[in-house]
A.B. asks: 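I am attaching a structure below and will ask some questions about it afterwards.
Atom set for the values below is all heavy atoms of this structure, side chains included, hydrogens, waters and symmetry mates excluded.
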Amino acid sequence: MTASTEKQCKCRLCGDYFSDSEMSEEHYPARNTGNEDIVAVDLGKMFDTFISENVHAEIRQKLDNGQTLESIAGDIFDSQLATSLFPKGRTARTLCRKCNTFLGKYDEAYLRFFNSNGNPKVVNGFQQHTKYQIIKAIYAKFLSVPETRNEELDFLDFIRDADSTVYNGTWSVYFVKRNFSSDLMGMKDIRTGKITFDEGVVYEMSDDKFIFNLMNFPKHSCFEMTNLFDILKKNYKLIEGVGENGGYHAQVFMSSLFSQMDFS
């Protein structure tokens, strides 16, 4: 197939059309933030596993032998629950090569945030330009999330302009740092998802350390999360975990669980 007869794909950032071979293989989230070997998890089996008395006995024995709960959970996850789904990471062909290269600077800035664990004391020392690059990196990643494919997103100009410090659009991003309240038995699930409310829609994307929700309505007050733009403030408050109500993350997780169940 020649370039002229290849399927034409629209880049979600610049809006131009390219042949499929001219599109980039974009990782979402970035490869170096945990998106290297994505596994499929049998959620139904997971619940059965963790209510099994045999599994409980195995966990107690390993704890008595000095293993940490996190390492035990990881062993169970790898040996009993997970199968490789995307060995090279989850990717999408949603950006042209030029746009993907352009966004690389934003990804480098986000990696600094990721490696610092979002620590407010560290992030406070970043230049404002770097903080804006971090914000734009996260917004840009949602362009590659499959669930947003047919959504009209009004932050493209904000992302495309490397010097822009103004976004007055509809979409907000809130996030939390992962902990045991967000990750059952310490198992990090970085699936993407979508949940719909009367008020609007929430999209989810996560990596090994953070869970991000893109939404087009004011956040429900019962869910405590950090607004992504708050990292511009001195000593912003980093919210850890999803709390007892599970936040939007729990709803995305449950939606995925029910989609895997066979009710016939």
Side-chain angles (χ1 to χ4, degrees), residues 12-13 24-41 85-86 88-95 99-100 103-104 106-111 113-114 117-118 133-156 158-159 167 169-179 182-183 187-197 200-217 219 223 225-231 238-242 246-257 259:
R12 293 208 66 191
L13 184 56
S24 177
E25 202 75 17
E26 166 67 6
H27 281 76
Y28 64 96
R31 180 185 298 173
N32 49 15
T33 62
N35 188 10
E36 293 183 302
D37 183 10
I38 305 301
V39 297
V41 182
L85 187 61
F86 299 105
K88 296 182 179 180
R90 183 184 285 113
T91 61
R93 300 180 71 80
T94 50
L95 300 172
C99 284
N100 194 25
L103 293 175
Y106 296 167
D107 286 343
E108 289 175 11
Y110 176 69
L111 185 59
F113 180 87
F114 179 87
N117 297 312
Q133 288 182 323
I134 294 167
I135 292 169
K136 292 176 184 180
I138 297 305
Y139 271 94
K141 286 301 178 186
F142 276 100
L143 298 177
S144 297
V145 170
E147 289 84 353
T148 70
R149 184 178 296 112
N150 298 317
E151 191 70 70
E152 290 294 328
L153 302 173
D154 61 9
F155 46 76
L156 300 183
F158 174 65
I159 296 173
Y167 170 59
T170 302
W171 297 90
S172 299
V173 173
Y174 291 88
F175 73 99
V176 298
K177 189 175 185 295
R178 309 187 84 122
N179 67 10
S182 59
D183 304 322
M187 295 183 296
K188 298 179 177 67
D189 178 22
I190 64 171
R191 77 183 67 237
T192 60
K194 173 184 178 180
I195 45 177
T196 302
F197 297 89
V201 62
V202 178
Y203 295 101
E204 180 164 293
M205 180 194 69
S206 59
D207 56 33
D208 265 359
K209 294 183 180 179
F210 301 96
I211 298 169
F212 298 95
N213 290 120
L214 174 73
M215 50 198 299
N216 60 354
F217 62 94
K219 178 183 68 67
F223 299 149
M225 306 181 75
T226 300
N227 188 307
L228 184 57
F229 274 90
D230 282 353
I231 70 170
L238 176 63
I239 304 299
E240 296 196 22
V242 294
Y248 298 114
H249 180 63
Q251 297 186 46
V252 170
F253 182 85
M254 293 304 295
S255 176
S256 178
L257 171 62
S259 71

A.B. asks: Is any side-chain heavy atom of Phe113 less than 4.5 Å from a side-chain heavy atom of Ile231?
C.D. replies: yes
A.B. asks: Is there a donor-acceptor contact under 3.5 Å linking the side chains of Asn216 and Thr170?
C.D. replies: no
A.B. asks: Not counting sequence neighbours, which residues clear side chain to side chain contact (heavy atoms under 4.5 Å, CB included) with Glu25? List them please.
C.D. replies: Thr91, Arg93
A.B. asks: Taking only residues two or more places apart in sequence or in another chain, which ones pass ring-ring contact (aromatic ring centres under 6.0 Å, His included) with Tyr174?
C.D. replies: none
A.B. asks: Can you list the steps and then say if Phe158 with Trp171 is a side chain to side chain contact (heavy atoms under 4.5 Å, CB included)?
C.D. replies: CA-CA 12 Å; Phe158 174 65; Trp171 297 90; over 6 Å; no
A.B. asks: Which residues pass the salt bridge (Lys or Arg N to Asp or Glu O under 4.0 Å) test with Glu151, not counting sequence neighbours?
C.D. replies: none
A.B. asks: Nearest 0.5 Å, what's the CZ-CD1 distance between Phe229 and Ile134?
C.D. replies: 12.0 Å
A.B. asks: Of the non-hydrogen atoms in Leu143 and Ile159, which two are nearest, and what is the gap between them?
C.D. replies: CD1-CD1, 4.4 Å
A.B. asks: Between Phe142 and Phe212, which heavy-atom pair has the shortest distance, and what is it?
C.D. replies: CZ-O, 3.8 Å
A.B. asks: Are side-chain heavy atoms of Leu153 and Arg12 found at a separation under 4.5 Å?
C.D. replies: yes
A.B. asks: Say you draw a straight line from OG of Ser172 to CG of Leu228; how long is it, rounded to the nearest 0.5 Å?
C.D. replies: 9.5 Å
A.B. asks: With rounding to the nearest 0.5 angstrom, report the OG1 to NZ distance, Thr148 to Lys194.
C.D. replies: 9.5 Å
A.B. asks: First locate atom CG of Asn100, then atom CD of Glu26, and finally report the distance between them rounded to the nearest 0.5 Å.
C.D. replies: 4.5 Å
A.B. asks: Is any NZ, NE, NH1 or NH2 atom of the basic residue among Asp207 and Arg178 found under 4.0 Å from an Asp or Glu carboxylate oxygen of the other?
C.D. replies: no
A.B. asks: Check Ala92 against Ser144 and note the closest heavy-atom contact, atom names and distance.
C.D. replies: CB-O, 3.7 Å
A.B. asks: Could you go through Met205 and Leu214, starting from their C-alpha distance and side-chain angles, then the distance that decides it, and tell me whether this counts as side chain to side chain contact (heavy atoms under 4.5 Å, CB included)?
C.D. replies: CA-CA 8 Å; Met205 180 194 69; Leu214 174 73; over 6 Å; no
A.B. asks: Please verify the inter-ring angle class for Phe155 with Tyr167; under 30° counts as parallel, over 60° as perpendicular, anything in between as tilted.
C.D. replies: perpendicular
A.B. asks: What verdict does the side chain to side chain contact (heavy atoms under 4.5 Å, CB included) test give for Met225 and Tyr248, after you've listed the backbone C-alpha separation in whole Å, the side-chain angles of each residue and the deciding distance to 0.1 Å?
C.D. replies: CA-CA 10 Å; Met225 306 181 75; Tyr248 298 114; 3.8 Å; yes
A.B. asks: As a quick check of understanding, evaluate side chain to side chain contact (heavy atoms under 4.5 Å, CB included) for Glu204 and Val145, giving each step before the final call.
C.D. replies: CA-CA 8 Å; Glu204 180 164 293; Val145 170; over 6 Å; no
A.B. asks: Among Ile211, Val252, Val176, find the residue that satisfies the side-chain contact (heavy atoms from CB on, under 4.5 Å) test when tested with Ser206.
C.D. replies: Ile211
A.B. asks: Between Tyr106 and Gln133, what is the shortest heavy-atom contact and its length?
C.D. replies: CB-O, 3.6 Å
A.B. asks: Does any donor atom in the side chain of Glu147 or Thr192 lie under 3.5 Å from an acceptor atom in the other side chain?
C.D. replies: yes
A.B. asks: Counting only N and O atoms by type, is there a donor-acceptor contact under 3.5 Å from the side chain of Thr226 to the main-chain atoms of Ile239?
C.D. replies: yes
